[in-house]
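Below is one structure, written out as structure tokens; the observations come after it.
The sequence lines fix the lettering, A, B, ..., with proteins before strands; numbering per chain opens at 1. When reading the values below, keep in mind they use all heavy atoms of this one structure, side chains included, and skip hydrogens, waters and symmetry mates. As the structure is a prediction and not an experimental result, all values here were calculated from the model.
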Number of protein chains: 2
Amino acid sequence: MSPSARRTGRPRSAEADRAILGATRAALVELGWAKLTLGDVAARAGVAKTTLYRRWASKCELVVDAVAAVFDEHLEAGDHGSLHADVEAAVIRLGALLERPETGTALMAVLAEATHDESLRCRVRSAIVDRQKRLVTIGRERARLRGELPREEDPEASARNADLIFDAVAGTVLHRLMVSAEPVDPRWARDFTDLLLYGMTGADAGGAAAAGPAPDGAQKPAGSV
Amino acid sequence: MSPSARRTGRPRSAEADRAILGATRAALVELGWAKLTLGDVAARAGVAKTTLYRRWASKCELVVDAVAAVFDEHLEAGDHGSLHADVEAAVIRLGALLERPETGTALMAVLAEATHDESLRCRVRSAIVDRQKRLVTIGRERARLRGELPREEDPEASARNADLIFDAVAGTVLHRLMVSAEPVDPRWARDFTDLLLYGMTGADAGGAAAAGPAPDGAQKPAGSV
DNA sequence: CCCTTACGCTACGAGTCGTAGCGTAACTCA
DNA sequence: TGAGTTACGCTACGACTCGTAGCGTAAGGG
């Protein structure tokens with residue numbers, strides 16, 4: 001599997017890779033996870049079924065790669081001027097990503113399988129989760145430089161906090177879409193961002209902080225309301 | 001389907017129901033979702049495969065009922081004295097529920113299918129989600145009576161807030177367990193509760209994180225901070 | 001030119017699905 | 001008590017998907 005081991009012989013077709021991943025996404029949209037068969041994907045991609053099995057050991061790994069490609073296209077941690085705006089943008093971006101019929105569904109199904117498959121869980125983590133989690137670290141670092149968050153002395157506690165916040169953001173968005181089956185619209189994104197920044201007690205009080213009693217520390221960006 | 005239509009004839013065996021649902025949970029633990037077959041469940045339960053198909057139209061609906069039974073056994077909204085303690089208890093309870101090998105996995109898989117099946121989504125909602133969501137409403141009402149939360153004038157906004165908080169609690173716990181694959185231990189439950197109540201700005205600043213150099217022990221009596 | 005690897009194609013056994021058919025068991029009502 | 005109704009167990013079945021093996025061919029490297 002090392003690159004040196006592939007120096008010789010016919011190289012794998014990169015175009016076939018793109019066709020297969022694209023066909024996988026198309027099949028996911030049309031059929032959903034359960035009815036998705038590798039034979040169907042191969043037919044859509046215009047390749048032989050055996051070619052699929054030579055590259056991916058299972059349906060799960062194929063779908064992980066197919067979904068990861070979509071996630072990679074939309075990875076951005078642009079600076080929106082404030083912690084509030086950064087979080088809100090991340091929520092909307094993640095919502096738009098998971099609202100796609102091929103991403104959320106597939107992710108849930110793969111995660112379900114990953115419970116019984118350690119290697120699959122690692123693949124999901126490195127291909128999707130960790131890259132998203134990096135955005136949390138970047139955003140928090142930026143907020144610290146702005147003075148919106150206190151400095152973290154303990155790096156271990158800092159990492160724990162980043163994990164917690166990532167679970168909160170990604171988990172809540174995912175739950176909103178997959179369980180509650182409600183859209184991630186701008187109003188919800190703002191309400192959720194308020195909850196994350198100011199907590200239940202603060203955010204609930206002033207009707208989305210519009211007439212809020214001015215929570216200390218962070219000030220609202222001009223964008224909202 | 002109405003009860004009056006079942007007045008006559010041989011009644012369905014309630015014991016068979018219990019055996020089937022129990023066998024489904026056992027099979028989920030052993031085999032996981034993907035390898036779970038209805039034939040296997042029937043064999044474990046000691047019933048004929050046809051009996052299964054007479055009662056449940058699909059594997060999904062069977063699993064929903066099997067998982068819902070577990071959830072129902074652990075529905076409790078006990079008063080723990082404060083909003084913080086109530087939330088923390090709910091987080092731990094939900095975590096313990098989803099940490100079971102038969103619940104989290106199955107729930108994820110069923111939700112993935114529910115994307116393409118409206119009736120299945122309704123079944124999940126009424127059998128599991130709505131009952132859990134009621135606990136949020138109860139807890140918030142109690143907190144309001146304690147004076148920990150302001151009164152909600154607008155009932156529509158109140159319902160929106162309850163939905164948001166439920167998505168946040170359930171989604172974050174689910175994400176922690178299924179995606180991050182980390183346990184819902186007491187320390188994490190406390191950190192998350194702090195985040196929910198006081199927000200990123202508040203919880204990060206004051207919590208135990210900054211206080212102790214390395215509070216590895218993690219045995220922290222309830223109600224501190 | 002030989003070696004190596006990838007590809008397309010076909011065919012196959014194994015396994016699951018969901019249903020049909022039949023005889024029997026359990027319960028209700030007249 | 002007997003007739004009607006529904007549930008159950010069992011067997012068998014066609015249809016489908018899976019994952020692999022075998023073969024000949026295409027595409028690069030030493």
(message) Using whole Å, what does the distance between atom P of nucleotide C:dG15 and atom CG of B:Leu36 come to?
(response) 17 Å

(message) Between C1' on C:dG15 and CG on B:Leu31, what's the gap in Å once rounded to a whole number?
(response) 14 Å

(request) Examine D:dG9: is either OP1 or OP2 under 4.0 Å from a nitrogen or oxygen in the side chain of B:Thr51? Give yes or no. (result) yes

(message) Quiz question: going by heavy-atom distance under 3.5 Å, is there a donor-acceptor pair between the base of C:dG18 and the side chain of B:Lys49?
(response) yes

(request) Send over the distance from B:Arg12 CZ to D:dG9 C1', rounded to a whole Å. (result) 15 Å

(request) Between B:Arg54 and B:Lys59, name the one whose nearest nucleotide on DNA chain C is closer to the 5' end. (result) B:Lys59

(message) Let's see if you can work this out: which of D:dG19, C:dG8, D:dG9 has an atom nearest to the side-chain heavy atoms of A:Thr50?
(response) C:dG8

(message) Please determine whether a side-chain nitrogen of the Lys or Arg among B:Lys59 and B:Glu113 lies less than 4.0 Å from a carboxylate oxygen of the Asp or Glu.
(response) no

(request) Kindly say whether, by distance alone, the side chain of B:Arg10 makes a donor-acceptor pair under 3.5 Å with the base of C:dA25? (result) yes

(message) What is the distance, to the nearest angstrom, from the CH2 atom on B:Trp56 to the P atom on C:dG18?
(response) 15 Å

(request) Check the surroundings of atom CD in B:Glu15: do more than 12 heavy atoms from other residues, nucleotides or ligands lie under 6.0 Å from it? (result) no

(request) Report the nucleotide, chosen from D:dT5, C:dA26, C:dG21, that has the shortest atom-to-atom distance to any side-chain atom of B:Pro11. (result) C:dA26

(message) How many whole angstroms separate atom CD of B:Glu15 from atom P of C:dA26?
(response) 13 Å

(request) State whether the side chain of B:Glu99 and the backbone N or O of B:Val184 hold a donor-acceptor pair below 3.5 Å, judged by distance alone. (result) yes

(request) Take the protein atom OH of B:Tyr53 and the nucleotide atom C1' of D:dG9, then report the distance between them rounded to whole Å. (result) 16 Å

(request) State whether A:Arg123 and A:Asp65 are salt-bridged, where the test is any N-O pair (Lys NZ or Arg NE/NH1/NH2 against Asp/Glu carboxylate O) under 4.0 Å. (result) yes

(message) Could you tell me how far apart B:Leu38 (CG) and D:dG9 (C1') are, to the nearest whole angstrom?
(response) 17 Å

